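First comes the structure, then the notes that go with it.
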Protein chains: 2
Amino acid sequence: MQTVEKLTDTLKNNRLKITPQRLMIFKVLENNTSHPSAEEIYKKVKKVYPSVSFTTIYKTLETLRDLGEIKELTIDKDRKHYDPDISVHHHFICSDCREIYDIHEAFTANIKLDDSLRKDFSVSGFQISFFGVCSKCSNSDRF
Amino acid sequence: MQTVEKLTDTLKNNRLKITPQRLMIFKVLENNTSHPSAEEIYKKVKKVYPSVSFTTIYKTLETLRDLGEIKELTIDKDRKHYDPDISVHHHFICSDCREIYDIHEAFTANIKLDDSLRKDFSVSGFQISFFGVCSKCSNSDRF
DNA sequence: ATTTGTGCAAAACCTTTGCATTGAC
DNA sequence: GTCAATGCAAAGGTTTTGCACAAAT
């Protein structure tokens with residue numbers, strides 16, 4: 001996602017309106033690496049704008065996704081998560097605490113799209129989901 | 001997933017009961033590479049057992065997953081899909097028709113778990129989701 | 001003034017659960 | 001006879017939608 005400042009320009013260029021609620025959602029997402037769910041964003045925005053609705057959260061997230069500013073993550077079986085980091089990277093989800101961690105690793109360069117794959121599919125991207133238990137949870141398991 | 005025959009033994013060994021509904025669900029899943037959703041399984045079972053319920057479908061899928069016989073796929077943002085092929089492989093989901101295809105490719109061998117990754121996480125598995133449009137859909141787009 | 005965004009309430013979905021009944025063993 | 005499975009209805013949780021009103025441009 002761009003900076004909030006640049007993002008407001010992008011909205012203007014698309015004849016979209018800049019509202020306090022939206023600005024707050026942008027601020028919550030800016031530099032956010034916690035992969036929040038809609039509810040987590042809602043709760044944070046609600047602290048500043050108590051009357052904000054889920055409708056606004058979902059609509060704004062949809063708008064940001066359509067602008068290509070954020071990515072909707074389908075990795076948690078229970079709910080969607082949102083990622084303002086649209087660069088190529090992958091995720092680890094802890095089966096215990098459900099937290100999602102970023103994985104920026106060099107090995108991803110080793111994934112070459114095979115010709116047979118190219119023939120059958122027009123691949124626009126891929127995403128690796130790692131499963132397991134994070135060190136925080138595996139440590140606490142010992143006690 | 002094992003063959004239906006072997007699966008019945010596994011159930012017996014776990015003191016689980018073999019019912020006509022379950023057998024039908026097993027048959028629907030056996031050698032099924034279409035990654036069906038619960039509803040798709042429900043519809044097929046319903047043709048033979050019209051009074052079958054979603055409860056039975058979901059409960060049986062849960063049992064099979066807990067036995068390690070099938071995998072629950074979190075790749076489609078709208079619903080879960082079920083895969084009786086528990087061998088290591090990956091998937092391509094068409095953003096147009098939502099169909100999920102298997103990807104069995106040699107390049108997956110190139111993914112080595114980095115030491116830094118091993119240090120922070122106890123990785124039990126990973127799964128690559130490819131996104132894009134399948135050839136069926138990209139062909140039909142032309143008309 | 002126009003047009004988009006907001007928020008409420010309700011709906012739409014998918015999935016799970018409580019419970020009485022049925023059926024497998 | 002015992003215990004697990006089934007099926008119904010209801011509930012739960014997430015996400016979407018219709019619509020009137022508010023706010024941004």
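In the text below, chain A, chain B and the rest are named by the order of the sequence lines, each starting its count at 1. Note that the structure is a prediction, hence the values are computed from the model and not measured.
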Specify the separation, in whole Å, of atom [atom1] of [X] and atom [atom2] of [N].
X      : N       : atom1 : atom2 : result
I25(B) : dA5(D)  : CD1   : C1'   : 11 Å
E40(B) : dT15(C) : CD    : P     : 11 Å
K77(B) : dT16(D) : NZ    : P     : 7 Å
Y49(A) : dA22(D) : OH    : P     : 19 Å
L73(A) : dT15(D) : CG    : P     : 12 Å
F54(A) : dT17(D) : CZ    : C1'   : 16 Å
I41(B) : dC14(C) : CD1   : P     : 14 Å
K17(B) : dA24(C) : NZ    : P     : 9 Å

Taking any heavy-atom pair under 4.0 Å as a contact, classify [X]: base, sugar-phosphate, or nothing.
X      : answer
P20(A) : sugar-phosphate
K12(A) : nothing
Q21(A) : sugar-phosphate
T55(A) : base
S51(B) : sugar-phosphate

At less than 4.0 Å, is any side-chain N or O atom of [X] found next to OP1 or OP2 of [N]? Yes or no.
X      : N       : answer
T19(A) : dT6(C)  : yes
S53(B) : dT6(D)  : no
S37(A) : dT14(D) : no
Y58(A) : dT15(D) : yes
R22(A) : dG5(C)  : yes

With no hydrogens and no angle check, just 3.5 Å: does a side-chain donor-acceptor pair link [X] and [Y]?
X       : Y       : result
H90(A)  : Q127(A) : no
H89(A)  : D83(A)  : yes
D102(B) : H35(B)  : yes

Worksheet entry | Sub-6.0 Å ring centroid separation between F130(A) and F121(B) |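 When the ring centroids of F130(A) and F121(B) are compared, they turn out to be at least 6.0 Å apart.
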Worksheet item: For the side chain of L16(A), counting heavy atoms from C-beta on, which of dC25(C), dT6(D), dT4(C) is nearest?
Response: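 Minimum distance to the L16(A) side chain belongs to dT4(C).
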Discussion item. Looking only at the side chain of R79(B) (C-beta and beyond, no hydrogens), which of the listed nucleotides dT6(C), dT15(C), dT16(D) gets closest?
Written reply: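 Selected nucleotide (nearest to the side chain): dT15(C).
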Fill in: E72(A) side chain to R65(A) backbone, donor-acceptor under 3.5 Å
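Absent.
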